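What you see is a predicted model; the values in this text were computed from it and never measured. Residue numbering restarts at 1 for every chain, and letters A, B, ... go by the order of the sequence lines.
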Amino acid sequence: MPELPEVETIRRTLMKHVSGLVISKVNVLWPAVVQNWQERTFADVVTGRKINSIERRGKYLLFTLDEGWSLLAHMRMTGRLNYYPDEQTPERHTHLVFSLSQGELHFSDVRKFGRIQVIPTDMRLTSSSLAKLGPEPLEPDFTADLLGGRLTSKKLSIKATLLDQRVLAGLGNIYADEALFRAGIAPERKACSLSTEEIFKLHGGIQDVLNAGISSKGTSFRDYRDANGQKGNFQALLQVYGRGNEPCLHCGKLLEKLRLAGRTTVFCSHCQS
DNA sequence: ACTAACCTGTAA
DNA sequence: TTACAGGTTAGT
């Protein structure tokens with residue numbers, strides 16, 4: 001579920017609660033949710049560790065613990081991290097409970113795609129999925145030039161290319177469609193066919209839509225909630241995602257729906273070319 | 001470059 | 001009953 005704005009919102013809401021707290025107990029309710037570090041079991045390593053900080057890289061959350069350990073969390077489609085100030089009976093789809101020096105942190109996930117792994121902090125950028133991630137679209141060094149350089153060799157559609165986390169980290173199906181609409185670019189265009197002008201508009205569209213998503217605390221189209229269980233608000237501002245066969249809010253023409261890179265893609269054939 | 005796989009829930 | 005869902009990966 002969560003893309004960059006949702007993961008960033010979870011990070012911000014979570015950090016207020018758990019930064020500086022100690023993990024006093026780990027209860028793994030569904031073992032496949034955790035990934036151990038070599039011979040050391042997840043609970044073994046994590047019990048007794050202090051949470052120093054939480055960062056985000058693409059759609060991953062990185063918890064820096066003390067003693068040189070880190071947690072790497074990915075929500076995939078329906079994962080949630082929920083903080084409770086008091087002891088709480090795990091709900092139906094909760095797979096992992098951290099008891100903290102104050103309150104509890106629950107990881108739940110209806111579809112069971114999400115994972116949390118423990119890894120030495122100095123290994124996380126080299127021996128994890130983070131190693132292959134493309135640039136952060138909201139960092140100052142993400143320029144239109146940088147984006148253009150990463151698209152020129154790609155013969156795939158621009159939609160599929162934007163979803164490739166090795167090209168750019170953090171976009172998913174919602175924000176890719178919304179960014180392409182803002183840039184006026186048709187999703188089935190080959191990535192390498194974009195003009196300098198179009199890359200410039202796409203760069204702006206990506207940054208604008210991600211910043212707007214964060215400002216609205218994410219998109220709760222269906223399952224997404226922040227660490228306090230609150231919905232986001234960006235679903236009210238979506239221009240194309242989830243609006244197939246509805247009129248374009250800009251020109252009134254019916255929005256078209258097609259399947260690209262295995263994902264439903266919505267766009268306006270009048271406003272986007 | 002697609003498709004199936006991983007899962008469960010919900011809506012058509 | 002079938003199709004589809006904010007993701008990623010490992011297979012053709």
Side-chain angles (χ1 to χ4, degrees), chain A residues 1-11 29-35 56-61 72-81 90-96 107-117 128-134 137 153-181 187-192 206 209-210 212-214 216-227 230-246 257-266:
Chain A
M1 74 163 130
E3 306 179 31
L4 188 154
E6 289 75 37
V7 178
E8 178 61 21
T9 304
I10 293 171
R11 187 188 75 79
L29 305 172
W30 183 62
V33 76
V34 297
Q35 294 169 273
R56 181 192 54 74
R57 179 77 173 93
K59 301 172 190 171
Y60 290 85
L61 282 177
L72 241 175
H74 199 301
M75 312 296 159
R76 294 287 182 98
M77 296 287 258
T78 52
R80 286 186 194 179
L81 278 167
E91 57 174 32
R92 184 178 172 79
H93 298 291
T94 297
H95 309 310
L96 180 60
F107 180 79
S108 59
D109 187 353
V110 168
R111 294 180 69 179
K112 296 180 167 176
F113 293 166
R115 295 290 183 269
I116 300 188
Q117 74 172 118
S128 76
S129 8
L130 298 186
K132 297 182 204 137
L133 288 183
S153 62
K154 306 289 181 205
K155 293 172 186 165
L156 278 175
S157 69
I158 185 61
K159 169 68 183 283
T161 306
L162 289 178
L163 291 177
D164 185 345
Q165 303 297 298
R166 295 167 302 184
V167 174
L168 188 61
L171 283 185
N173 207 28
I174 294 179
Y175 295 95
D177 275 9
E178 295 295 316
L180 286 168
F181 177 78
E188 69 270 45
R189 288 274 302 284
K190 302 257 184 246
C192 59
I206 290 169
V209 81
L210 291 176
I214 293 172
S216 294
K217 301 182 190 316
T219 304
S220 290
F221 197 81
R222 45 168 68 76
D223 303 292
Y224 166 72
R225 300 292 186 278
D226 71 15
Q230 301 294 306
K231 289 186 182 187
N233 302 299
F234 197 65
Q235 61 278 10
L237 301 175
L238 295 174
Q239 307 287 296
V240 286
Y241 179 86
R243 301 194 60 247
N245 303 320
E246 292 176 36
K257 200 156 77 163
L258 52 85
R259 200 128 181 114
L260 233 39
R263 317 297 301 277
T264 297
T265 299
V266 183

May I ask you to verify if any side-chain N or O of A:Y241 is less than 4.0 angstrom from the OP1 or OP2 atom of C:dG6?
yes
Given the C1' atoms of C:dA3 and B:dT3, what is the spacing between them in whole Å?
16 Å
Would a line drawn from the ring center of A:F234 to the ring center of A:Y224 be shorter than 6.0 Å?
no
Roughly how many Å apart are B:dA11 and C:dG6, using the P atom of each and rounding to a whole number?
15 Å
Should A:L238 and A:E178 count as side-chain neighbours, where that means a heavy-atom distance under 4.5 Å?
yes
Does the pair A:K159/A:D177 count as a salt bridge with the N-to-O cut at 4.0 Å?
yes
Rounded to whole angstroms, how far apart are CD on A:E6 and P on C:dA5?
16 Å
Using a heavy-atom cut-off of under 4.0 Å over every strand shown, decide if A:R92 touches base, sugar-phosphate, or nothing.
sugar-phosphate
Report, one pair per line, the protein and nucleotides 2-4 of chain C atoms (nitrogen or oxygen only) whose separation is under 3.5 Å.
none

Side chains of A:T78 and A:D109, donor plus acceptor under 3.5 Å
yes
C:dG7, syn or anti by chi within 90 degrees of zero:
anti
Using a cut-off of 4.0 Å on non-hydrogen atoms, how would the nucleic acid contact of A:G172 be classed: base, sugar-phosphate, or nothing?
sugar-phosphate
Only Watson-Crick and G-U wobble pairs with both distances less than 3.5 Å should count. Give DNA chain B in dot-bracket notation, marking inter-strand partners with |.
||||||.|||||
Rounded to the nearest angstrom, tell me the gap between atom CG in A:L162 and atom C1' in C:dG6.
15 Å
Between B:dA1 and C:dA5, how far apart are the two C1' atoms, rounded to whole Å?
22 Å
Distance check: side-chain N/O of A:Q165 vs OP1/OP2 of C:dG7, anything under 4.0 Å?
no
For A:S108, the option from A:V33, A:L81, A:T94, A:L29 that meets side-chain contact (heavy atoms from CB on, under 4.5 Å):
A:T94
Aromatic ring of A:F113 stacked on base six-ring of C:dG7, 5.5 Å, 30°:
yes
Heavy-atom contact window of chain A on DNA chain B, given 5' to 3' at under 4.0 Å:
B:dA1 to B:dG9
Just the rounded figure in Å: distance from C1' of C:dT8 to CG of A:D109.
13 Å
Quote, to the nearest angstrom, the P distance that separates B:dC7 from C:dA10.
15 Å
Parallel, tilted or perpendicular: ring planes of A:H74 versus A:Y60, cut at 30 and 60 degrees
perpendicular
Contact check, side chains of A:K154 and A:C192, non-hydrogen atoms, under 4.5 Å
no
Do A:R259 and A:T264 pair up side chain to side chain, a donor and an acceptor below 3.5 Å, judged on atom types alone?
yes
So, do A:R166 and A:L133 sit near enough that their side-chain heavy atoms are less than 4.5 Å apart?
no
Provide, to the nearest angstrom, the distance between the CG atom belonging to A:L210 and the P atom belonging to C:dG6.
16 Å
Classify the nucleic acid contact of A:D223 as base, sugar-phosphate or nothing, counting any heavy atom under 4.0 Å across all strands shown.
base
Taking OP1 and OP2 of C:dT8, is either one under 4.0 Å from a side-chain nitrogen or oxygen of A:K132?
no
Apply the test side-chain contact (heavy atoms from CB on, under 4.5 Å) to residues A:K257 and A:R243: give CA-CA distance (whole Å), side-chain angles for both, the deciding distance (0.1 Å), then the verdict.
CA-CA 9 Å; A:K257 200 156 77 163; A:R243 301 194 60 247; over 6 Å; no
I'd like to know whether A:Y175 forms a side-chain contact (heavy atoms from CB on, under 4.5 Å) with A:L4, so could you lay out the CA-CA distance, the side-chain angles of the two residues, the decisive distance to 0.1 Å, and finally the verdict.
CA-CA 9 Å; A:Y175 295 95; A:L4 188 154; over 6 Å; no
Report yes if the distance between the aromatic ring centroids of A:Y241 and A:F221 is under 6.0 Å, otherwise no.
yes
